[in-house]
Amino acid sequence: MRLHQLLRCAQRVEESSRVVSGLFSHCTRTSVNTFSTSNVSPARKKSSPYSSVDSGRYSSLFKSVVSHRVSAQTPDILEEQDAQIYGPVIKSPTPSKVPKILHPLINQDRLFEFGETELGGAPTRIILRRGQDRGSVPSVTRILQETMSPEQQFYLERWRRKMIAQLGEDGFKEYSQNLFRQGKLFHTAVESVLPLTTKEVPGEDPEEAPEVPSSVEGYMESVRHVLEDVRGVRAIESRVQHEKLGYLGIVDCVALYRGVLCVIDWKTSERSKPFLSNTYDNPLQVAAYVGALNNDVNYNYQVENGLIVVAYKDGSPAHPHTLSSEQVLQYWERWLVRLEEYTERR
DNA sequence: GGATCCTTCTTCTTCTTC
């Protein structure tokens with residue numbers, strides 16, 4: 001078992017034991033009080049002490065205990081088992097965690113006067129010219145895809161095989177296409193709503209409210225509370241390219257979130273993602289876009305912050321994960337490592 | 001018109017009592 005896995009296990013054991021001991025002491029107190037003050041019959045005394053616990057009150061606590069349970073299925077054990085079924089996992093050497101060249105996130109040559117970045121005007125939308133730079137300038141998605149850790153690849157492949165076993169090849173294909181379709185529709189719907197947020201009151205004119213496909217209504221409801229805090233949209237679905245580092249991508253949105261200029265990435269998810277760590281490589285993607293935008297002559301401002309919004313189909317409130325400038329800088333370094341890895345493999 | 005590109009997602013938990 002690797003050191004970081006061991007540390008994670010130890011941390012979870014500590015968390016679990018803390019929660020369990022707390023619950024246990026409360027249950028004991030509750031049980032003592034119940035039995036000493038009530039006139040219960042001997043037969044009822046024998047009933048489980050759990051019956052005296054307010055299960056509704058402690059349901060979330062119970063969930064937190066079981067969700068932090070240390071699984072016997074560590075990656076190493078799973079790999080061992082799966083190696084017997086699927087064959088060995090090909091491992092590559094662990095990449096260095098520090099980039100060889102620490103390129104700056106902010107372009108000091110392109111710092112603008114405050115007045116130059118005033119709000120106003122239509123948001124930038126630079127369409128990707130298809131076929132241009134083909135093969136020579138890689139995209140953010142491609143780089144992240146091709147430099148995933150063996151562990152990440154293992155879990156994804158394992159999930160894919162499990163899904164195919166459940167749905168069949170065709171069923172899985174349809175399922176995946178549907179996920180992509182929903183994601184695209186959601187993006188389109190958000191974009192159609194966004195310009196309204198530049199007004200004093202978002203969506204004040206009901207006649208201007210665009211049609212939202214019924215399949216993404218839940219997602220839209222999910223992000224409603226986030227959109228209320230978005231103002232001053234400056235770019236939508238716009239191409240960004242890092243001129244020195246030679247990569248490109250399409251940024252979902254650049255806008256003020258609670259007054260802070262951010263690169264915003266809209267995501268749909270079937271599973272709840274309450275923590276930033278649940279979003280896998282998404283923060284790296286955002287940091288890559290921030291760096292590219294700051295080094296692209298088509299944009300006359302610099303961005304230091306990020307926002308990842310995870311929306312849910314059932315309409316439950318989306319999780320907005322803000323990335324401070326310090327966090328963006330950290331993910332920027334991790335992105336540089338991945339970029340170097342990609343370049344070295346070419 | 002056809003081919004290609006960038007995205008769109010997917011992972012890191014499944015307990016066993018009442």
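In what follows, every chain begins at residue 1, and chains take the letters A, B, ... in the order their sequences are listed. The model shown is predicted, which means the values in this text are computed figures rather than measured ones.
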Length of the CH2-P vector between A/Trp159 and B/dT11, whole Å: 6 Å
Rounded distance in Å - CG (A/Leu248) to P (B/dC5): 11 Å
Sugar-phosphate only, base, or nothing, as touched by A/Gln145 at under 4.0 Å among non-hydrogen atoms: base
Any A/Thr268 side-chain N or O less than 4.0 Å from OP1/OP2 of B/dT8: no
Interatomic distance, A/Trp266 CH2 vs B/dT7 C1' [rounded to whole Å]: 16 Å
Touch class at under 4.0 angstrom, heavy-atom based, for A/Ser176 against every strand present: nothing
Value in whole Å for how far the P atom of B/dT8 lies from NZ of A/Lys313: 18 Å
Any A/Arg181 side-chain N or O less than 4.0 Å from OP1/OP2 of B/dT8: no
Smallest separation among heavy atoms of A/Leu323 and A/Tyr331, with atom names: CD2-CE1, 3.9 Å
Touch class at under 4.0 angstrom, heavy-atom based, for A/Glu157 against every strand present: nothing
Ring-base stacking, A/Phe180 with B/dT8 (5.5 Å, 30° cut-offs): yes
Side chain of A/Arg142 (C-beta onward), nearest among B/dC5, B/dT8, B/dT10: B/dC5
Donor-acceptor pairs under 3.5 Å, side chain of residues 164-180 of chain A to any protein atom, not counting sequence neighbours: which ones?
| from | atom 1 | to | atom 2 | distance (Å) |
| --- | --- | --- | --- | --- |
| A/Tyr175 | OH | A/Glu270 | OE1 | 2.7 |
| A/Ser176 | OG | A/Phe172 | O | 2.9 |
| A/Asn178 | OD1 | A/Arg181 | NH1 | 3.1 |

Cluster overlap A/Val328 with A/Leu102, hydrophobic side-chain contacts below 4.5 Å: yes
Of the listed nucleotides B/dT11, B/dT7, B/dC9, the one nearest the side chain of A/Thr141: B/dT7
Sugar-phosphate only, base, or nothing, as touched by A/Asn278 at under 4.0 Å among non-hydrogen atoms: base
Touch class at under 4.0 angstrom, heavy-atom based, for A/Tyr289 against every strand present: sugar-phosphate
Whole angstrom value for the distance that separates C1' of B/dT11 from CD of A/Gln153: 12 Å
Please report, to 0.1 Å, the donor-acceptor pairs under 3.5 Å made by any side chain of residues 254-265 of chain A, with sequence neighbours excluded.
| from | atom 1 | to | atom 2 | distance (Å) |
| --- | --- | --- | --- | --- |
| A/Arg258 | NE | A/Asp229 | OD2 | 2.9 |
| A/Arg258 | NH2 | A/Asp229 | OD2 | 3.2 |
| A/Asp265 | OD2 | A/Lys267 | NZ | 3.0 |

Short side-chain N/O contact from A/Lys273 to OP1 or OP2 of B/dT10, under 4.0 Å: yes
Sugar-phosphate, base or nothing in reach of A/Asp265, heavy atoms under 4.0 Å: sugar-phosphate
Length of the CD-C1' vector between A/Glu151 and B/dT10, whole Å: 16 Å
Spacing of A/Gln152 atom CD relative to B/dC9 atom P, expressed in whole Å: 16 Å
Closest nucleotide among B/dT10, B/dC6, B/dT11 to the A/Ser269 side chain: B/dT10
Gap separating the OG1 atom of A/Thr268 from the NZ atom of A/Lys273, nearest 0.5 angstrom: 8.0 Å
Shortest side-chain distance from A/Leu128, nucleotide among B/dT10, B/dT7, B/dC6: B/dC6
Distance, rounded to the nearest Å, where A/Gln182 contributes CD and B/dC9 contributes C1': 10 Å
Side-chain donor or acceptor of A/Arg334 paired with backbone N/O of A/Pro283 under 3.5 Å: no
